[in-house]
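Step one of this worksheet: look at the structure below.
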Amino acid sequence: MRKTILLFVCLIGFFTASAQTIEQLKQQISRAEQEIRLTNDILSKTQKEQSVNSSQLLLVRNNITNRRNIISNLDKQISLINSDIRSKNNNVSALEKELSELKEEYADMIYSSYKNYKLNNFMAFLFAAKDFNDITRRIYYMKRYTSMRQQKAVLIDSLSCNLKEEILSLETKKSNLDSTLNYRSQELTKLSDEEKNYRIIDTKLRSEAKKYNDEIKKKQNDIAQLEKKIQQIIQEQARKQSTVQRNEAESEYFVKLSGKFEQNKGKLPYPVAGGVVIEKFGRHQSAMSNQITVNKQGVSIAGTKGANVRAVFDGEVSDIFSIGIWEYNIAVTHGEYMTIYCNMGSISVKKGDKIEGNQILGQLSTHSDNNYTLEFSIAKINKQSAVMLDPEQWLKR
C-alpha cells in the first residue's frame with residue numbers, strides 16, 4: 001500500500017514538472033507567434049510604400065528565426081509528451097497488475113468467509129474460547145477481519161477509479177501529441193514559404209549588388225557615427241552626475257527613480273508599439289551581411305512610417321541632438337540610467353522636460369531610405385563611467 005502511494009506521489013510530481021515545462025514552451029511559442037504577426041504587419045505596410053530593401057530582408061529573416069524557434073519548441077513538447085505517454089503506460093500497467101492482485105485477494109477472502117459461514121466455523125471458533133477474555137479477543141479478531149475485507153473493497157474501487165483517470169489522461173496525451181505533430185507540420189510549411197520569400201528578396205537585392213553593398217557600408221558608417229555621438233552624450237552625462245550637488249530631496253528622488261527603473265528590468269514597454277528587433281545588441285555578424293562584424297551598442301527596432309515613439313519610463317529629457325542622416329534623437333535620464341531614441345522624423349518634447357513612461361516623444365522618420373527603424377540604447381551611468389546594456393533584456397514582449 002505504501003509502495004502504491006509513493007508511486008503516485010512520484011508520478012504526480014513528474015507530470016506536474018513536465019506540464020510546467022510544456023507550459024513554458026507554449027509561452028515561448030506564443031511570444032514568437034506574436035512577433036511574427038507584428039513583423040508581417042510591418043512588412044505588409046512597408047512593401048506597399050517602398051521598393052525591396054535590406055530592412056525587408058531582415059524582417060523576413062526575423063520571421064524565419066521565429067519559425068525555427070517554434071518548430072524547436074514543438075519538438076521539445078513532442079519529446080515531453082512522448083515521455084509522459086510512456087510513463088502513463090507504465091503507470092496503467094502497474095495499476096492493472098495491482099488491481100488484479102487485489103481482486104484475487106478479495107475473492108479469496110469472500111470465498112473463505114462464505115465457507116466459514118456455511119460450516120458455522122465462526123460460531124465454533126467463538127464457543128471454543130477458554131474464558132471471557134479469550135471470547136473478547138476472538139470477537140475483536142472477527143471484526144478486524146471484516147474491516148480488512150471492507151478496506152480491500154474500498155481500495156479496489158479507488159484503484160479502479162485511478163485506473164480510469166490514468167487511461168483518460170493517456171488518451172488526452174495522445175490527442176495532444178497528434179495536435180502538436182499537426183501543428184509542427186503546418187509550421188514547417190510556413191517556414192518553407194518564409195525561406196522562399198527570403199530568397200526572392202535576397203535575389204532582388206543581389207541583382208543590384210553594388211547598390212546593396214554601398215547601402216550596407218553607408219548604414220554601418222552612419223551607425224558608427226551615431227554610436228560615437230551617443231558615447232559622447234553618455235560620458236558628458238556621467239561627468240555632470242559626478243559633479244552635481246543635490247539637496248536631500250533631490251538625492252532621494254534620484255535614488256528612488258534609479259531603483260524603480262532597475263526593478264522594471266524585463267517589464268519596460270517597447271518604445272515603438274508593434275515594433276520588431278531586427279538588429280541585436282553586442283558583437284555579431286551584421287544582419288545584412290555575413291562578411292561584416294558589428295558591435296552594436298543598442299538594438300534596431302523596425303516600425304511603420306511615422307509610428308509613435310514613446311518613453312519607456314519616467315525621466316527627464318537630458319539632450320536632443322542631430323548627426324548625419326539622423327534628424328532627431330533624444331536622450332532621457334532615469335536617475336543612474338539613460339535611454340536613447342534615434343532616427344525620428346519629428347519630436348514633441350524639448351530638453352529639460354519631465355516626462356512619464358509611455359509619453360510620446362515623437363514619430364519615426366517618414367523617409368523611406370531610413371527604413372522606419374528606431375535605434376534604441378540603454379546605459380547605466382555610475383561614478384564617471386557608463387555601461388551599455390542589452391535593451392532586449394529590459395523590454396517586455
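From a predicted model like this one, the values you see are computed outputs, not experimental measurements. The figures here come from the full heavy-atom set of this structure, side chains too, leaving out hydrogens, waters and symmetry mates.
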Check this for me, if you would: do [X] and [Y] make a salt bridge, where the nitrogen-to-carboxylate-oxygen distance has to be below 4.0 angstrom?
{"X": "E23", "Y": "K26", "value": "no"}
{"X": "K280", "Y": "E392", "value": "yes"}
{"X": "E195", "Y": "R68", "value": "yes"}
{"X": "R61", "Y": "E194", "value": "no"}

With salt bridge (Lys or Arg N to Asp or Glu O under 4.0 Å) as the criterion, how do R184 and E187 come out once you've worked through the C-alpha distance, each side chain's angles and the decisive distance to 0.1 Å? CA-CA 5 Å; R184 185 183 184 279; E187 283 301 310; over 6 Å; no

Look up atom CG in L38 and atom CG in N63, then write down how far apart they are to the nearest 0.5 Å.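 If I round to the nearest 0.5 Å, the distance is 10.0 Å.
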
Measure the CG-CZ distance between N73 and R31 for me, rounded to the nearest 0.5 Å.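 With rounding to 0.5 Å, CG (N73) is 9.0 Å from CZ (R31).
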
Please assess Q363 against N308 for the test side-chain hydrogen bond (donor to acceptor under 3.5 Å, both in side chains), listing each intermediate value before the final yes or no. CA-CA 4 Å; Q363 287 74 38; N308 286 333; 3.0 Å; yes

[X] side chain to [Y] main-chain N or O, any donor-acceptor pair under 3.5 Å?
{"X": "D353", "Y": "I355", "value": "no"}
{"X": "S185", "Y": "L181", "value": "no"}
{"X": "S175", "Y": "E171", "value": "no"}
{"X": "N343", "Y": "W326", "value": "no"}
{"X": "E250", "Y": "N247", "value": "yes"}
{"X": "N264", "Y": "K267", "value": "no"}
{"X": "D314", "Y": "E356", "value": "no"}

Go through the steps to decide whether I234 and I340 satisfy the test side-chain contact (heavy atoms from CB on, under 4.5 Å), and finish with yes or no. CA-CA 9 Å; I234 291 172; I340 303 101; 4.1 Å; yes

Please report the shortest heavy-atom distance between [X] and [Y], naming the atom on each side.
{"X": "N329", "Y": "S322", "result": "ND2-CA, 3.7 Å"}
{"X": "V272", "Y": "A307", "result": "CG1-CB, 4.1 Å"}
{"X": "S318", "Y": "Q237", "result": "CB-OE1, 3.8 Å"}
{"X": "G335", "Y": "S258", "result": "CA-OG, 3.3 Å"}

Verify same cluster id: [X], [Y] (apolar side-chain graph, 4.5 Å):
{"X": "L395", "Y": "L374", "value": "yes"}
{"X": "M344", "Y": "I325", "value": "yes"}
{"X": "I64", "Y": "L74", "value": "no"}
{"X": "I42", "Y": "I200", "value": "no"}
{"X": "V244", "Y": "M338", "value": "no"}

Residue pair [X] / [Y], side-chain heavy-atom distance below 4.5 Å:
{"X": "N358", "Y": "F313", "result": "no"}
{"X": "V277", "Y": "F376", "result": "no"}
{"X": "I301", "Y": "V299", "result": "yes"}
{"X": "E375", "Y": "I223", "result": "yes"}
{"X": "I230", "Y": "C342", "result": "yes"}
{"X": "L80", "Y": "L25", "result": "yes"}
{"X": "I381", "Y": "E336", "result": "no"}
{"X": "I330", "Y": "V349", "result": "yes"}

Using the rule given for side-chain contact (heavy atoms from CB on, under 4.5 Å), can you reason through Y372 versus T304, listing the C-alpha separation, both sets of side-chain angles and the distance that settles it, and then say yes or no? CA-CA 6 Å; Y372 320 142; T304 54; 5.5 Å; no

Please confirm whether the ring centroid of Y337 lies under 6.0 Å from the ring centroid of W394.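 For Y337 and W394, the ring centres are under 6.0 Å apart.
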
Below 30° counts as parallel, above 60° as perpendicular, anything between as tilted: where do the rings of F261 and H334 land?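 Taking H334 first and then F261, their aromatic rings lie parallel (interplane angle under 30°).
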
May I ask you to check if R246 and F254 form a cation-pi contact, with NZ or CZ under 6.0 angstrom from the six-membered ring centre and within 45° of the axis?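 Relative to the ring axis of F254, which defines the angle, R246 lies inside both limits.
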
Do K190 and D193 pass the salt bridge (Lys or Arg N to Asp or Glu O under 4.0 Å) test, and can you show the C-alpha distance, the side-chain angles, and the key distance before you say yes or no? CA-CA 5 Å; K190 291 176 182 177; D193 291 341; over 6 Å; no

Show, in sequence, the C-alpha distance, side-chain angles and deciding distance for E227 and K296, and conclude whether the side-chain contact (heavy atoms from CB on, under 4.5 Å) test is met. CA-CA 8 Å; E227 291 186 341; K296 280 186 70 67; 4.0 Å; yes

Do you know which of N62, T65, N40 makes side chain to side chain donor-acceptor pair (under 3.5 Å) with E35?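 Exactly one pass, corresponding to N62.
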
Run the side-chain contact (heavy atoms from CB on, under 4.5 Å) check on I70 and E33 step by step: do they pass? CA-CA 8 Å; I70 289 173; E33 288 176 332; 3.7 Å; yes

side-chain hydrogen bond (donor to acceptor under 3.5 Å, both in side chains) for Y341 and T339? Distances and angles first, verdict last. CA-CA 7 Å; Y341 312 75; T339 54; 2.9 Å; yes

Start with the C-alpha gap between Q297 and S377, add the side-chain angles, then the distance that decides, and say whether side-chain hydrogen bond (donor to acceptor under 3.5 Å, both in side chains) holds. CA-CA 7 Å; Q297 300 300 299; S377 305; over 6 Å; no

